[in-house]
There are 2 protein chains.
Amino acid sequence: MTESKAAQAEGAAKPRRRQARGERRVQQLLDAAASVFCQNGYAGASTNAIAREAGVSPGTLYQFFPNKEAIAVELGERLTHQMRQAHGLVFTVENAALPLGEMLDAVLDPMIEFNCANPAFLALINSTDTPGPVVEEHDALHLTLQSRVEELLGLRHPELPADRRTRTATMAFHLFKAGLDVILAHEGAEQRAYITETKDALYRYLAPIIGTEGSPVR
Amino acid sequence: MTESKAAQAEGAAKPRRRQARGERRVQQLLDAAASVFCQNGYAGASTNAIAREAGVSPGTLYQFFPNKEAIAVELGERLTHQMRQAHGLVFTVENAALPLGEMLDAVLDPMIEFNCANPAFLALINSTDTPGPVVEEHDALHLTLQSRVEELLGLRHPELPADRRTRTATMAFHLFKAGLDVILAHEGAEQRAYITETKDALYRYLAPIIGTEGSPVR
DNA sequence: GGCAAACACGAGCGATCACTCGCGTTTCAC
DNA sequence: GTGAAACGCGAGTGATCGCTCGTGTTTGCC
């Protein structure tokens with residue numbers, strides 16, 4: 001779905017026609033990889049284990065991926081792509097105008113939901129041995145997210161010096177990631193409690209800097 | 001220094017007499033291991049690379065450690081031991097009675113300093129492939145630290161329900177760890193700025209819960 | 001000085017793992 | 001229907017890595 005056109009755009013390098021069965025296999029393999037990466041990290045995940053988890057032979061796996069790294073890269077790309085779509089819907093001018101508490105709900109809830117549904121995302125980027133390209137892919141996402149947060153801070157508090165704004169955004173981002181880790185480590189009622197706890201922490205961190213009121217302008 | 005007595009206490013299992021040269025080698029090897037673990041994580045660190053970094057042959061390494069895991073375990077033990085000593089000096093009744101801002105300085109500064117001086121500590125426990133015993137060792141430290149924080153919360157706000165207290169301590173702990181990661185990722189003036197930023201975040205998170213005033217009692 | 005034990009070396013062994021290759025099966029365009 | 005290409009298999013290959021072993025050197029004790 002993502003690269004049926006993209007592959008043809010790259011053109012010459014990929015003279016590979018893929019059948020519906022193949023697309024299904026790729027998805028199976030990526031799902032299996034996500035599961036194994038979650039359990040053992042990137043280095044700890046053997047390609048044979050991924051193939052076994054997907055219910056295919058090692059040879060079949062290499063029918064669709066040139067090497068182990070490509071699996072992580074493709075998985076990373078799909079996850080970051082989904083993440084970008086999600087955050088595009090979230091950093092809107094309407095949300096920027098909301099009161100702080102509601103803004104945090106509007107921005108954070110989709111992020112939390114995504115990471116709960118795709119724990120492989122955090123597992124991959126928290127792992128130290130993830131391949132370079134995946135890290136760079138995520139760094140790029142991180143940068144756009146951070147600049148979105150900075151824009152948002154700028155809208156709500158234009159007088160804030162640029163360096164303070166960058167620091168605040170960085171800090172808020174990492175505070176949220178810490179909250180996410182705690183949230184993912186719990187379930188049920190506990191998990192819900194830590195979700196509100198995370199929002200509280202961010203609210204209290206941001207309130208003195210950008211205020212709690214939503215702006216009616218724009 | 002740590003186990004010259006402890007080894008004799010365990011007794012029968014260790015009929016090994018160590019010379020001064022040997023102790024020096026062990027320290028060299030642990031330093032080298034810390035450095036390599038920082039760069040590549042546990043799984044990515046080959047024993048040959050550790051030996052090379054220490055300037056000795058692979059065989060020499062195995063003169064002092066039965067296997068790769070033992071290196072990480074010994075390193076982890078030494079680091080957690082130092083950490084325990086540091087935090088014993090930090091969670092005192094006097095500090096508990098301080099105003100919130102000063103209390104955070106008193107408790108956090110030594111922790112930050114330790115982790116800046118020993119980045120291998122965070123690297124090891126953030127790595128997904130760290131051996132079980134090291135993780136358990138750290139979990140134990142984590143638990144005692146967390147209960148110290150809970151005691152401290154209890155002293156300052158006795159009416160706080162137990163589950164709220166646990167959640168607050170957990171959250172504060174992870175917020176601090178997030179701050180630590182950001183702090184370690186910077187240096188110089190930037191690093192100092194993120195130190196105060198981390199303290200601010202914790203101050204604002206804790207102030208509504210336990211108040212900002214120090215208690216004159218006790 | 002002499003001897004036993006600790007220290008040091010580095011080539012190499014066995015296991016693991018990413019990846020291949022030859023061959024058989026399914027799918028699809030014509 | 002038929003041929004070409006995609007799909008599928010799993011034993012095997014080469015490289016890496018944890019670890020050993022035979023041998024030689026240094027240290028400390030009598």
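Below, chains carry the letters A, B, ... as their sequence lines are ordered, and counting in each starts from 1. A quick note: this is a predicted structure, and the numbers were derived from the prediction, not measured.
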On DNA chain C, more 5' by nearest nucleotide between A/N48 and A/Q63 is A/N48
State whether the distance check finds a donor on one side and an acceptor on the other, under 3.5 Å, for side chain B/Q19 versus base C/dA6. no
Regarding A/A51, tell me which of base, sugar-phosphate or nothing describes its non-hydrogen contacts under 4.0 Å with the strands shown. nothing
With a 4.0 Å cut-off on heavy atoms, is A/A49 in touch with a base, just the backbone sugar-phosphate, or nothing at all? nothing
Take a 6.0 Å sphere around CD of A/Q27 and say whether it holds more than 12 heavy atoms from other residues, nucleotides or ligands. yes
Would you mind reading off the distance between B/N67 atom CG and D/dC19 atom P, rounded to a whole angstrom? 5 Å
Nearest whole angstrom, please: distance from the P of C/dA11 to the CZ of B/R52. 13 Å
Using 30° and 60° as the class limits, which term best fits the ring planes of B/F121 and B/H138: parallel, tilted or perpendicular? perpendicular
Degree of bending, the helix from C/dG1-D/dC30 to C/dC30-D/dG1 (end axes from five pairs; round to 10°): 20°
Starting at the 5' end of DNA chain D and moving along, which residue's nearest nucleotide shows up first, A/G55 or B/P58? A/G55
Between C/dA6, D/dC17, D/dC9, which nucleotide gets closest to the side-chain atoms of A/T60? D/dC9
Between A/K199 and A/D109, does any NZ, NE, NH1 or NH2 come within less than 4.0 Å of an OD or OE carboxylate oxygen? yes
From CD of B/E23 over to P of C/dA8, roughly how many Å is that when rounded to an integer? 12 Å
Within residues 25-35 of chain A, residues whose heavy atoms come under 4.0 Å of DNA chain D: A/R25
Looking for any heavy atom pair under 4.0 Å, which part of the strands does B/G59 touch: base, sugar-phosphate only, or nothing? base
Could you walk me through whether A/H142 and A/F173 pass the ring pair (Phe, Tyr, Trp, His ring centres under 6.0 Å) test, one step at a time? CA-CA 9 Å; A/H142 183 136; A/F173 194 88; 4.2 Å; yes
Rounded off to whole Å, could you give me the CZ-to-P distance for the A/R21 and D/dC7 pair? 7 Å
Give a yes or no on whether a salt bridge exists between B/K177 and B/D181, defined as a side-chain N under 4.0 angstrom from a carboxylate O. no
Whole angstrom is fine here: how far is it from CG in B/L61 over to P in D/dC21? 16 Å
Do we see a donor-acceptor contact under 3.5 Å between the side chains of B/S127 and B/D129? yes
Verify the contact: side-chain N or O of A/Y62 to OP1 or OP2 of C/dC19, cut-off strictly under 4.0 Å; return yes or no. yes
From CD1 of A/I71 across to C1' of C/dA18 the rounded distance in Å is 10 Å
Looking at A/S57, does any N or O in its side chain come under 4.0 Å of the phosphate oxygens OP1/OP2 on D/dG10? no
Nearest 0.5 Å please: distance from the CD atom of B/Q63 over to the CZ atom of B/R25. 11.0 Å
Side chains of B/S57 and B/T60: do they bring a donor and an acceptor to under 3.5 Å? yes
Should B/F65 and B/L30 count as side-chain neighbours, where that means a heavy-atom distance under 4.5 Å? yes
Rounded distance (Å) that lies between atom C1' of C/dC17 and atom CD of A/E69: 16 Å
B/T47 vs D/dG18: side-chain N/O to OP1/OP2 distance below 4.0 Å: yes
With heavy-atom distances below 4.5 Å as the criterion, would you say the side chains of B/R18 and B/F64 are in contact? yes
Whole angstroms only, please: what is the NZ-P distance between A/K68 and C/dC19? 8 Å
